[in-house]
Novice: 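Would you mind keeping the following structure in view while I ask a few things?
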Amino acid sequence: MKQSVEERLRQALDDLISAGKLPESVASLTIQVEETRDKQHGDFASNLAMILTKQAGMPPRQVAQALTEAMKPDPAIEKVEIAGPGFINFFLSNARFFEVIEEVMQKGTHYGESNLGQGQRVQVEFVSANPTGPLHVGHGRGAAYGDSLSRLLKLTGHDVHKEYYVNDAGRQMNILAASVWLRYLELSGESFTFPSNGYKGTYVNEISEALKQRVNRKYFVTASDVFRDIPADEPAGGDKEAHIDALVNRCRSLLGPEGYLDVFDAGLNSILDDIRDDLESFGITYHEWFSEKSLAPRIQSALTVLKDNGHLYEQDGATWFRSTTFGDDKDRVVIRENGEFTYFASDIAYHHDKFQRGFDRVINIWGADHHGYIPRVKAALTALNLDAAKLDVKLVQFAILYRGETRVQMSTRSGSFVTLRELRDEVGNDAARFFYVTRKTEQHMDFDLDLAKSESKDNPVYYIQYAHARICSMLRKLQESEGRLPDAVDPASYARQLTDEAEKTICAMLARYPEVINTAAGNLEPHQITHYLKELAGIFHSYYNSQKVLVEDASLRTARVRLSLATRQVLANGLNLIGVTAPDVM
RNA sequence: GCGCUCGUAGCUCAGCUGGAUAGAGCAUCGGCCUUCUAAGCCGAGGGUCGUAGGUUCGAGUCCUACCGAGCGCGCCA
C-alpha cells in the first residue's frame, strides 16, 4: 500500500524535473511516506513538498500543488489532499486494505520475510559469560536480546552465525579450579578457612562432590601442606588477591600439570554444560562455542601483524599497542612484564579471527560495563588493516534488581545472586523472554523480582497470547459446527463485507508488519516487535468485544474468519520471533 | 576530572531515524459476562518531554552548556 504512494510521488517528482520545474539535484532524494496517526489526514502522508521548498524556490503548499497535479491517476489512490504546512495526504481505495488478508494467509509463517540483508553473513556474539558459575538474570537480558535479534536478522535475509565466546583461559578460571579443589579437600575431611576471593557458590561443592566420586583421594593433600607459607587472606589482615593467587600456584604445583588440568576441566565442563543446558531450555542454541584457549596459538600471529604495521612498542618491560593512534584514551598493554598475554591480546586475536572468517558484519552484544573496550577493539581492527565499521557493538544495560523495596546485590563470587534458571522457573520462559526484550537495550531497567514473579497475571505477554488463544478457540468452535474453515474468497468481497472501521484498522496493522520487521532488523531493535504485537492484540481484543465473528450470514462470517486467521498468523509469527510460544488454549 | 549510556504521566516504558493535538501498560476512579474464552472490553483523571540556549517551515527526536542517574577510566577478566 505504502509502495503505491511512493511510486506515485516518485513519478510526479521525475516528471517535474524533466519539465524543468525542479532542479536535477532533487532526483536522488529519498521519498518519505509515513502512515498517518490521525485518519483525518488520510491513510498515508508525505512531507516531500516541504523538503523541496528551498530548492524549488516556492512555498511548500505550492510545491505540493505542483506535485499533486503531476501525479498520474492510480486505482489504489482514491484521493489526494494538501494539508497543513504542505503535507500531501493520500486516501487509499478501500479494497486495497483488505488484500493483505490473503497475502498473509498465502505466505503463512513466511509473512514478514524480506531480503533486507541480501544474504549478508552476520555474526552475532552474545552472552559469552565467564564459565565460572551459572548464568544470572543479568545475562538473561543479553541472551534474550541476542537470540531475538538473530531470528530477526535471519528472517530479513541475513546469513546469521550465532556464537558464544568461552573465556576458558585466564585468572578467573584458575581461581575456579582452585576453589573446586579446596572444596574437594573439605569433602575429604580437611578443614581450613576458605579464601575470601574464592568461588563460594554451592555449585562449586557439587562439582567437587562429583570429582570426589570419580577420583576418590587421588588429589588429596593435607590442609597444612596447602596453606604452608601462603600469605594471609584479607580477613586475617592480608591481601585477598595475593592470597588467592598463591593458592592457585600451590594448587598447580601440588597437583602437577595433568592433575591440575583434570580439576580445571571438571569445573569448566560442568559449568559450561550447565550454561548450555540453561540456554537451550530458554530456547537459545548457538552455531559455535568458541574457546578462548583454542586461540592461544593465534595470539602471537595477530600481534605480529600489529608489530609489522608499526603499532607496537616496548616500555617498562611490557609490550604496548599504540591504540591512541586510532582515538583510544590511552595505549594498552598486550604482553605483560611477566610475559603473559593480557585479556585484550586474546580479544585482538579473537576479532582478527572473526574478520578472517569473512563475515560481512560482526555484532557484539556486551554488558554496558564493557563500553570502555569499544575504542580499543576498534582501534585494533583498524591497526590490523581491517574495516572497523563492520563491527557493531550493542551495549545491554544491566537490569537493576529489586526484591520488593530492597536492591539485590549481585556478585558471582559471593554466591548471592539470582540465577537465570530461578527466574525462568518462577515466571516462565515466555514471560522472561518477552520481558527482557520489551525495552530497548540502552535503557536502564528496574526489575522488581517480587513483582515479576507475582506478575504472571498482569504480564503483557499473556495479553498477546490470549488474543492468539481466543482466535484458536473460536476457530475450533467453527470447525465443530461446519467441519471446516472457509477458503479464500475474492478480495472485493472483503471490502463489501468488512465495513466496520476496526476491520480496516486491523488490516492496516497487518499490512504494516513487514515494515516493522525491517525497521526492527535495520535498527537492531527487537523491542519494536513486542510493542507492535501489543498494539495488534489490543485492537483485536477491542474488535472481538464489539463484533461477533461467527455470525449467521455466511459471507460476512467467512470474511471475518479469514481476517481472524490472518491476525492469528501474524501474532504467531511475531511471538515466534522473540521466542515466545503462541498457545492454542489458555 | 575525562569518557560512555541515559533522563518522557504517580510507577514501568514506547515514540516508526525531524512532522500535524506527545502515546501504551500498571496503579486510581466509574461502567460491561443468559451471546464466539472477563487472562477481555468501554470511559475518566493524570505531562513546563531534566534545565537553558541554538539549528529551520517544524525539535521529545539534531547541536552546545549545565543539572541528575548508572557504568567505565588496571601489566584484572
Side-chain angles (χ1 to χ4, degrees), chain A residues 32 34-38 40-41 45-47 50-51 53-54 59-60 83-87 89 130 132 167 169-173 175 241 292 315-320 329-330 332-344 346-347 367-375 395 397-398 400 438-448 451 455-463 465-467 469-478 481 512 515-516 519-520 522-523 525 527-528 530-532 534-535 537-538 540-551 557 560-561 564 585-586:
Chain A
Q32 296 174 43
E34 61 168 16
E35 210 178 325
T36 54
R37 215 172 307 176
D38 185 342
Q40 284 189 347
H41 299 137
S46 178
N47 60 355
M50 292 183 283
I51 291 172
T53 304
K54 235 175 218 168
F87 287 104
N89 293 339
N130 284 357
T132 52
N167 292 116
R171 180 166 174 261
Q172 294 306 323
M173 287 307 296
I175 294 176
E241 305 294 347
E292 180 186 355
Q315 190 182 304
D316 303 331
T319 304
W320 298 69
D329 292 342
K330 52 179 83 166
R332 310 289 171 178
V333 170
V334 287
I335 305 175
R336 286 189 252 165
E337 200 176 357
N338 67 8
E340 285 178 30
F341 294 119
T342 59
Y343 174 83
F344 179 47
S346 297
D347 240 17
D369 55 338
H370 284 69
H371 67 251
Y373 284 78
I374 300 174
L395 297 174
Q397 291 289 339
F398 283 133
I400 302 168
T438 199
R439 43 210 60 170
K440 56 180 173 188
T441 52
E442 316 87 68
Q443 191 61 257
H444 295 106
M445 141 178 173
D446 282 347
F447 191 161
D448 184 341
L451 190 69
E455 205 186 26
S456 61
K457 221 169 146 187
D458 302 323
N459 200 309
V461 67
Y462 292 103
Y463 183 77
Q465 290 182 316
Y466 184 51
R470 255 185 163 175
I471 297 172
C472 289
S473 163
M474 203 168 65
L475 296 172
R476 271 194 302 274
K477 188 151 184 162
L478 183 65
S481 61
R512 197 153 66 85
E515 193 190 326
V516 170
T519 310
N523 296 340
E525 293 182 342
H527 78 270
Q528 292 193 17
T530 64
H531 286 94
Y532 168 86
K534 262 193 266 186
E535 205 180 324
F540 188 80
H541 280 309
S542 172
Y543 171 61
Y544 182 92
N545 269 270
S546 65
Q547 296 289 352
K548 190 167 165 136
V549 173
L550 303 180
V551 291
R557 185 178 66 225
R560 287 182 174 173
V561 168
S564 304
V585 185
M586 282 175 79

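So you know, we letter chains A, B, ... as the sequences are listed, proteins then strands, and number each from 1.
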Novice: Quick one: label A:Phe344 by what it contacts on the DNA or RNA (base, sugar-phosphate, nothing), any heavy atom closer than 4.0 Å.
Specialist: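 Nothing, no heavy atom under 4.0 Å.
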Novice: Using the side chain to side chain donor-acceptor pair (under 3.5 Å) criterion, which residues pair with A:Arg512? Sequence neighbours excluded.
Specialist: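 A:Arg512 satisfies side chain to side chain donor-acceptor pair (under 3.5 Å) with A:Glu35 only.
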Novice: Return yes if the base of B:G3 and the side-chain atoms of A:His371 contain a donor-acceptor N/O pair under 3.5 Å, otherwise no.
Specialist: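 Check passes, donor-acceptor contact within cut-off.
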Novice: For A:His371, which residues count as a side chain to side chain contact (heavy atoms under 4.5 Å, CB included) partner, sequence neighbours excluded?
Specialist: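 Expected list: A:Leu395.
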Novice: Expressed as a whole number of angstroms, how long is the span from A:Ile335:CD1 to B:C76:P?
Specialist: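 Distance check: A:Ile335 CD1 to B:C76 P gives 14 Å.
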Novice: If you look at every strand shown and take non-hydrogen atoms under 4.0 Å, does A:His41 touch a base, only sugar-phosphate, or nothing?
Specialist: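 Counting heavy atoms under 4.0 Å across all strands, the contact made by A:His41 includes a base.
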Novice: Could you measure between the two P atoms, the one in B:A52 and the one in B:G46, and give it in whole Å?
Specialist: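 Result for the P pair: 23 Å, nearest Å.
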Novice: With a 4.0 Å cutoff (strictly under), does any side-chain N or O of A:Lys440 reach OP1 or OP2 of B:U5?
Specialist: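 Checking A:Lys440 against B:U5: no side-chain N or O falls below 4.0 Å of OP1 or OP2.
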Novice: Hey, does A:Asn167 reach any base, or is it just sugar-phosphate, or nothing, if we go heavy atoms under 4.0 Å?
Specialist: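 No contact.
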Novice: Check the chi torsion on B:C33 and let me know: syn if it falls within 90° of 0, anti if not.
Specialist: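 Base orientation: syn.
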Novice: Under 4.0 Å, counting only non-hydrogen atoms across every strand here, what does A:Asn89 touch: a base, just sugar-phosphate, or nothing?
Specialist: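 It contacts base atoms.
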Novice: Could you spell out the base pairing of RNA chain B in dot-bracket, with Watson-Crick or G-U pairs whose two distances are under 3.5 Å, [ ] crossing and | to another strand?
Specialist: (((((((..((((.....[...)))).(((((.......))))).....(((((..]....))))))))))))....
Novice: Return no unless some side-chain N or O of A:His531 is found under 4.0 Å from OP1 or OP2 of B:C16.
Specialist: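 No, outside the criterion.
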Novice: Choose from B:C13, B:C75, B:C36 the nucleotide whose nearest atom is closest to any side-chain atom of A:Arg439.
Specialist: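 Closest nucleotide among those given: B:C13.
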Novice: Are OP1 or OP2 of B:C36 and a side-chain N or O of A:Arg560 less than 4.0 angstrom apart?
Specialist: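 Negative; the distance criterion is not met.
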Novice: What's the shortest heavy-atom distance between A:Tyr532 and A:Val516, and which atoms?
Specialist: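 In this case the closest contact between A:Tyr532 and A:Val516 is CD1-CG2, 3.7 Å.
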Novice: Does B:U61 count as syn, meaning its glycosidic angle lies within 90° of 0, or as anti?
Specialist: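 Anti for B:U61; the angle lies over 90° from 0.
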Novice: Over all strands shown, is A:Asp329 touching base, sugar-phosphate only, or nothing at heavy-atom distances under 4.0 angstrom?
Specialist: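 A:Asp329: no heavy atom of the nucleic acid under 4.0 Å.
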Novice: Would you mind classifying the nucleic acid contact of A:Lys477 as base, sugar-phosphate or nothing, using non-hydrogen atoms under 4.0 angstrom?
Specialist: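 Sugar-phosphate only.
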Novice: Using a cut-off of 4.0 Å on non-hydrogen atoms, how would the nucleic acid contact of A:Lys534 be classed: base, sugar-phosphate, or nothing?
Specialist: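 Answer is nothing: A:Lys534 stays at 4.0 Å or more from every strand.
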Novice: Hey, does A:His370 reach any base, or is it just sugar-phosphate, or nothing, if we go heavy atoms under 4.0 Å?
Specialist: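 Here A:His370 touches the bases of the nucleic acid.
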Novice: Just jot down the side chain to side chain contact (heavy atoms under 4.5 Å, CB included) partners of A:Ser346, sequence neighbours excluded, or say none.
Specialist: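 For A:Ser346 the side chain to side chain contact (heavy atoms under 4.5 Å, CB included) partners, ignoring immediate neighbours, are A:Tyr165, A:Glu292, A:Ile299.
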Novice: Hey, does A:Ala467 reach any base, or is it just sugar-phosphate, or nothing, if we go heavy atoms under 4.0 Å?
Specialist: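 A:Ala467: no heavy atom of the nucleic acid under 4.0 Å.
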Novice: Any side-chain N or O of A:Tyr544 less than 4.0 Å from the OP1 or OP2 oxygen of B:A39?
Specialist: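 Negative; the distance criterion is not met.
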Novice: With a cut-off of less than 4.0 Å, is there a side-chain N or O of A:Thr36 near OP1 or OP2 of B:A20?
Specialist: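 So the side-chain polar atoms of A:Thr36 never come under 4.0 Å of the phosphate oxygens OP1 or OP2 of B:A20.
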Novice: Assign A:Val585 to base, sugar-phosphate, or nothing according to its heavy-atom contacts below 4.0 angstrom with the strands shown.
Specialist: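 Touches a base.
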Novice: Between B:U17 and B:G54, how far apart are the two P atoms, rounded to whole Å?
Specialist: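 Their P atoms lie roughly 27 Å apart.
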Novice: Which whole-number value in Å describes the distance from A:Glu535 CD to B:G25 P?
Specialist: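 Rounded to the whole Å, the gap is 11 Å.
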Novice: So what does A:Ser473 touch, heavy atoms closer than 4.0 Å: a base, only the sugar-phosphate, or nothing?
Specialist: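 Here A:Ser473 touches the bases of the nucleic acid.
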Novice: For a quick check of understanding: with a heavy-atom distance under 4.0 Å over all strands, which category does A:Gln443 fall into, base, sugar-phosphate or nothing?
Specialist: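 Since only primed, P, OP1 and OP2 atoms lie under 4.0 Å of A:Gln443, the category is sugar-phosphate.
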Novice: Listed by chain and number, what are the side chain to side chain donor-acceptor pair (under 3.5 Å) partners of A:Thr342, not counting sequence neighbours?
Specialist: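 Listed in chain order: nothing, the list is empty.
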Novice: Regarding A:Glu442, tell me which of base, sugar-phosphate or nothing describes its non-hydrogen contacts under 4.0 Å with the strands shown.
Specialist: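 The residue A:Glu442 makes sugar-phosphate contact but no base contact.
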Novice: State whether A:Arg332 places a side-chain N or O below 4.0 Å from either non-bridging phosphate oxygen (OP1 or OP2) of B:G74.
Specialist: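 No.
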Novice: Just jot down the side chain to side chain donor-acceptor pair (under 3.5 Å) partners of A:Ser46, sequence neighbours excluded, or say none.
Specialist: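 None.
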